[in-house]
Enquirer: 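My questions will all concern the structure given below.
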Amino acid sequence: MYRTHSCGELRIKDLNKEVILSGWVQQSRDLGGMTFIDLRDRYGITQLVFNMDVNSGLCLEARELGREYVVQIKGKVTERSNKNKNIPTGDIEIIVSDLNILNRSDLPPFTIITDTDGGDELRMKYRYLDLRREPLKRNMILRHRMAKETRKYMDSQGFIEIETPFLIKSTPEGARDFIVPSRMSPGEFYALPQSPQTFKQILMVAGYDKYYQIVRCFRDEDLRADRQPEFTQIDCEMSFVTQDEILNTFEGLIKHLFKSVKGIDIHDSFERMSYKDAMDNYGSDKPDLRFGMQIKNLTDLVKGKGFGIFDNAEYTGGICAKGCGDYSRKQLDELTGFVRRPQIGAKGLVYARVLENGTVRSSVDKFYSAQDLGTWSERFNAAKGDLMLILAGERYQTLSALNELRLELGKRLGLRDKNRFIPLWVVDFPLLEWDDETKRYYAMHHPFTSPKPEDMAMLETSPGDVRANAYDLVINGIEIGGGSIRIHNKDLQQKMFKALGFTEKEAQHQFGFLMDAFRYGAPPHGGIAFGFDRLVSLFAGLDSIRDVIAFPKNNVGKDVMIDTPSAISEEQLKELKIQINLQNQKKTRES
Ligand code: ASP
């Protein structure tokens, strides 16, 4: 028997028990005639004691143990004189009578403690060591519990989990596909699914009216903190449902997760906001509602006073930061620097403060009278001591810069508390999005999303104005999920492909199988998918999804632990009938 208990289990009630523990040596300390060792496993840490006076041979052996050695000990549970309130086993220690080294360890490249000294790349390369650390372990357990509670809820609502294939044909989620060559059909390729979208719709045609799956998806796109080339979705689809029924069902899932995993009761229904309102008031389709500071449009107030920048701008708008009227020159310069960053792209920042005597002083006093400035503060509902920050330019770009500025101020003012969660449904997204570069429309969600029936007539006349029955779930400014009511009519689907610039032949080639399925009684249906990694990282209070994934890729899509992507052998290439043509680089593995 390797162990009678785990390293997180023993308490004061176990005093005098003879126990066997197995685990890793986290650290060891020699204090005079005593050696103390922290023994760690998945469940916790237990202190071991070796006494030179009682058993010098054993104590000397213990002093030789290196970090991360795997050992088994036998000993007696005793009360600690120096209790450690920070760990659950902190009241006891084990007086060791037998020590058995199960395996030795090289000196680990970083210390395996909560606040490790290991940099990102090193931790990724030795992920098995990183995963031994408490914060990662906590994330893995959180993830497991959230998956378990998801399954419990979905089952309680009558959903069944059905797996869909990974080797498929391209799915239209807007990213690049990962491609897998076929050995049996040389020159032909599978794509890895960007999502199970078409399969879940086909399952609806097959009559499985409540489907879900916790499933891996693959998208070959540039990576960010909340993006990985492979990630996990809670993917769902339902038949014979309205949009309201879908939102209510999945509001239930999110509430269940908050309650069962974090002990948080959300009684109220989630707020619903149209895409238009989200963009107008927050400059983003995923507003963070933990704080107000709504964007106000000032375009009508600022024109015609001789200030060229505002006069020529398509849009002028701003936000009002409560109590920031005393910002120093340096703080204002910092904010100006912030909005001028290339990724934000504003040219400059105009500010106006409401002074203690109620007058408003601005950086553009030359052009605007006290009365003019009074109309601004009225629009912002600004009070004494407030600071108005104003940007101008092309409408969409200015709104999105204001969104960034709002988030930055929210952060600086401590308004984005990680322990408060404000969920929001954003609804009524536009169906299509115009791309200036390729001069064509793209589906904002995906091509199977249904237009709103009342906007249907505009599909041919002004496609950009058509709204979709599409919705996103946003929590604290993070897009957690999205879905839509689907098109289930073959003719409308064909119209949609046409609006997206597909020829009939192309549509048939790419989605013929779905169109064929729609000929055999497709029920009305709709669904949603949640980014499971994002949901877990939100629950864990993290900014990145990397540490809620056991084996993530780095920011250039590499798994540095297993060293992939990597070249394959000539033999494998030959079998696949593939020739690599990289100029100046020979990229096949030496066999
Ligand atoms: N397949 C969609 C996505 O991955 C979600 C959905 O429409 O259900 O974003």
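Read the numbers this way: they start at 1 and go in the same order the structure lists the ligands and their atoms.
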Enquirer: List the closest protein heavy-atom neighbour of atom 9 (O) of ligand 1: residue, atom name, distance to the nearest 0.1 Å.
Expert: Glu173 OE1, 3.7 Å
Enquirer: Using a strict 4.0 Å threshold on nitrogen-to-oxygen distance, state whether Asp155 and Lys152 make a salt bridge.
Expert: no
Enquirer: Flag the pair Glu121 and Lys125 as a salt bridge only when some basic side-chain nitrogen lies within less than 4.0 angstrom of an acidic carboxylate oxygen.
Expert: no
Enquirer: Out of all atoms in ligand 1, which are within 4.0 Å of some heavy atom of His446? Include the element for each.
Expert: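 Per the distance check, 2 (C), 6 (C), 7 (O).
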Enquirer: Using a 4.0 Å cut-off to any heavy atom of Ile528, which atoms of ligand 1 qualify?
Expert: 8 (O)
Enquirer: Against heavy atoms of Arg219, which atoms of ligand 1 measure under 4.0 Å?
Expert: 3 (C), 4 (O)
Enquirer: Using a strict threshold of under 4.0 Å (side-chain N to carboxylate O), is an ion pair present between Lys169 and Asp177?
Expert: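 The answer is no: the pair does not qualify as a salt bridge.
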Enquirer: Is the closest heavy-atom distance from Gln201 to ligand 1 below 4.0 Å?
Expert: no
Enquirer: Which residue pairs pass the side chain to side chain donor-acceptor pair (under 3.5 Å) test with at least one member in residues 526-541, sequence neighbours excluded?
Expert: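 Every side chain to side chain donor-acceptor pair (under 3.5 Å) pair that includes a residue of residues 526-541, provided the two are not neighbours, is Arg143-Asp533.
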Enquirer: Indicate whether any N or O donor in one side chain lies under 3.5 Å from an N or O acceptor in the other, for Thr242 and Glu245.
Expert: yes
Enquirer: Side chains of Asn297 and Thr299 only: does a donor on one sit below 3.5 Å from an acceptor on the other?
Expert: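 Asn297 vs Thr299: donor-acceptor pair found between side chains.
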Enquirer: Apply the side-chain contact (heavy atoms from CB on, under 4.5 Å) test between Ile422 and each candidate in Leu289, Val474, Asp288; give the one that qualifies.
Expert: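 One option only clears the test, and that one is Leu289.
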Enquirer: Just which atoms of ligand 1 are under 4.0 Å from any heavy atom in Gly482?
Expert: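 What qualifies from ligand 1 is 5 (C), 6 (C), 8 (O).
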Enquirer: Taking only non-hydrogen atoms of Gln233, do any sit less than 4.0 angstrom from ligand 1?
Expert: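 Yes, Gln233 has heavy atoms under 4.0 Å from ligand 1.
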Enquirer: Under 4.0 Å from a heavy atom of Lys200: which atoms of ligand 1 are those, numbered in the order shown and with their elements?
Expert: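 Once the distances to Lys200 are compared, the set is 6 (C), 8 (O).
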Enquirer: Please state which part of Ser195 comes within less than 4.0 Å of ligand 1, counting heavy atoms only: side chain, backbone, both or neither.
Expert: side chain
